[in-house]
Each structure stands twice: as C-alpha cells, then as structure tokens.
Amino acid sequence: MENSSSGPIPVRPPRPWTEVLVWIDDEVDRRFARSGVAQTERDDVRGNVTVRLLRYLPRFDPSRTDATFQTWVRKQVSYAVGDYWRARARRAERSKSWAEDAVNHPPRDESPLRGLHLTELRDALRACLERLTASRRERFLATHDARQSGGSEAQLARDLGIS
C-alpha cells in the first residue's frame with residue numbers, strides 16, 4: 001500500500017500489551033466458562049487483572065523463577081479470580097446476616113423517649129388546632145383523614161368547595 005505523496009505507509013509492529021490482553025481475556029473466560037458469571041463482572045475481573053499486572057510488573061523477575069511471563073500472567077488472573085469469589089461470598093454473607101438480623105431483631109418501639117416525644121408532638125398539634133378557626137380545623141382534619149385512607153386531596157377539595 002502506498003501513499004501518493006510520501007511512498008509506502010509503514011506497518012506498525014504489534015503492540016506487546018495486545019498479546020497480554022488476549023491472554024487475560026482467554027484465561028478469564030476459561031476460569032468462568034461454566035459459572036454463570038455475568039459479562040460485566042468478567043470485565044471487572046479483567047480490569048482488576050490489568051491493574052494487578054501494572055502494579056506488580058516491576059516485581060516480576062524471570063531469573064528468580066522458572067516461570068515464563070505468560071505463566072506469571074496466568075497466576076495474576078488466578079489471584080484476581082480468587083479475589084472475585086471471596087468478595088462475592090462476603091457480599092452474600094453480609095446480606096444474609098443483615099436479613100437475619102432484621103427478622104430476628106425487629107426495631108423496638110417501646111422506647112420511653114419515643115413515647116415522650118409523641119406526647120409532646122400530640123400536645124403541640126392540639127395547640128395548633130385550637131388556634132385555627134373551626135372551618136380551617138375541619139378542613140385540616142378532613143385532609144388528614146383523606147391522606148390516611150388513601151383518598152385524593154383533590155376530591156376532598158371539590159367536596160368541601162375549595163378550589
């Protein structure tokens with residue numbers, strides 16, 4: 001292939017990380033082949049492996065071990081997959097324990113402070129209602145009853161002649 005102005009177009013050499021990313025993709029897919037893990041979660045694991053590789057690449061020393069770079073990449077995939085399964089188990093355990101706590105220990109409403117607070121609120125509401133005119137008080141109470149019964153405030157306003 002030639003460019004008319006400058007001669008042949010140089011062909012780029014393959015990038016070394018492209019091959020590594022292919023190794024990661026293949027290894028992650030192989031590890032999750034029959035597990036039913038969603039593609040988005042697999043992509044998260046691939047991202048974690050890439051971050052792990054970049055973080056630990058300076059520590060890789062082929063002279064210290066018999067491992068090739070490809071087997072070292074596979075080992076990093078294995079660690080990331082293990083991290084995924086452990087995190088998934090922790091999430092399941094947390095949600096299970098939270099649900100058990102909610103069933104076994106329902107919130108208590110018998111607090112003496114709660115009763116005192118409700119009494120204060122009731123007294124304050126009664127004082128406010130006493131300051132209202134009789135027609136406004138009736139409208140307020142009717143609106144409250146409509147909300148409690150699930151009725152429409154618009155229908156209540158029509159019934160009371162309020163527009």
Side-chain angles (χ1 to χ4, degrees), residues 1-122 124-125 140 143-157:
M1 178 181 278
E2 288 194 22
N3 187 343
S4 61
S5 62
S6 64
I9 297 175
V11 177
R12 276 189 206 199
R15 296 181 179 166
W17 277 105
T18 305
E19 189 174 342
V20 173
L21 294 175
V22 169
W23 292 344
I24 293 171
D25 288 347
D26 292 344
E27 193 66 21
V28 168
D29 286 340
R30 188 178 70 76
R31 300 282 177 134
F32 288 119
R34 293 187 180 97
S35 63
V37 173
Q39 187 63 40
T40 56
E41 293 188 25
R42 290 182 188 199
D43 292 340
D44 287 344
V45 171
R46 285 183 183 93
N48 291 341
V49 171
T50 305
V51 168
R52 184 184 289 270
L53 288 179
L54 293 173
R55 181 181 298 154
Y56 296 121
L57 188 60
R59 295 182 191 173
F60 175 70
D61 183 8
S63 65
R64 287 192 330 198
T65 64
D66 299 339
T68 65
F69 184 69
Q70 187 172 7
T71 57
W72 181 75
V73 169
R74 282 190 180 133
K75 187 184 237 184
Q76 300 307 313
V77 170
S78 178
Y79 292 150
V81 168
D83 290 347
Y84 166 79
W85 288 116
R86 281 187 292 280
R88 186 171 170 170
R90 281 192 301 269
R91 282 192 309 265
E93 186 60 35
R94 274 196 307 264
S95 66
K96 178 181 168 189
S97 67
W98 180 86
E100 285 174 356
D101 283 347
V103 169
N104 296 331
H105 305 291
R108 292 183 292 159
D109 292 337
E110 299 89 29
S111 168
L113 293 176
R114 185 173 190 279
L116 179 64
H117 180 67
L118 289 176
T119 302
E120 290 174 355
L121 286 175
R122 195 174 306 120
L125 178 61
F140 173 81
T143 303
H144 175 70
D145 290 343
R147 285 183 183 163
Q148 291 296 326
S149 65
S152 164
E153 291 180 30
Q155 181 61 41
L156 176 67

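All residue numbers refer to positions in the sequence shown, counting from 1.
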Output every pair passing salt bridge (Lys or Arg N to Asp or Glu O under 4.0 Å) with a member in residues 33-42, not counting sequence neighbours, ordered by first then second residue.
D29-R42
Non-neighbouring partners of Y79 that pass ring-ring contact (aromatic ring centres under 6.0 Å, His included), sequence neighbours left out
none
Listed once per pair and sorted, the side chain to side chain donor-acceptor pair (under 3.5 Å) pairs that draw on residues 47-61, sequence neighbours left out
R52-D83, D61-S63
Residues forming a side-chain contact (heavy atoms from CB on, under 4.5 Å) with S35, sequence neighbours excluded:
F32, V37, W85
Which residues pass the side-chain contact (heavy atoms from CB on, under 4.5 Å) test with R74, not counting sequence neighbours?
E27, Q70
Would you say the side chain of V20 lies within less than 4.5 Å of the side chain of F69, judging by non-hydrogen atoms?
yes
Smallest heavy-atom separation, L53 atom then Q76 atom, equals CD2-CG, 3.7 Å
Hits for side-chain hydrogen bond (donor to acceptor under 3.5 Å, both in side chains) against T68, two or more places apart or cross-chain, chain-then-number order -> T71
Picking from I24, D26, D25, what satisfies side chain to side chain contact (heavy atoms under 4.5 Å, CB included) with V28?
I24
For A33, give me all partners under side-chain contact (heavy atoms from CB on, under 4.5 Å), at least two apart in sequence or on another chain.
none
Could you pull out all residues at least two apart from D43 that satisfy side-chain contact (heavy atoms from CB on, under 4.5 Å)?
Q39, R46
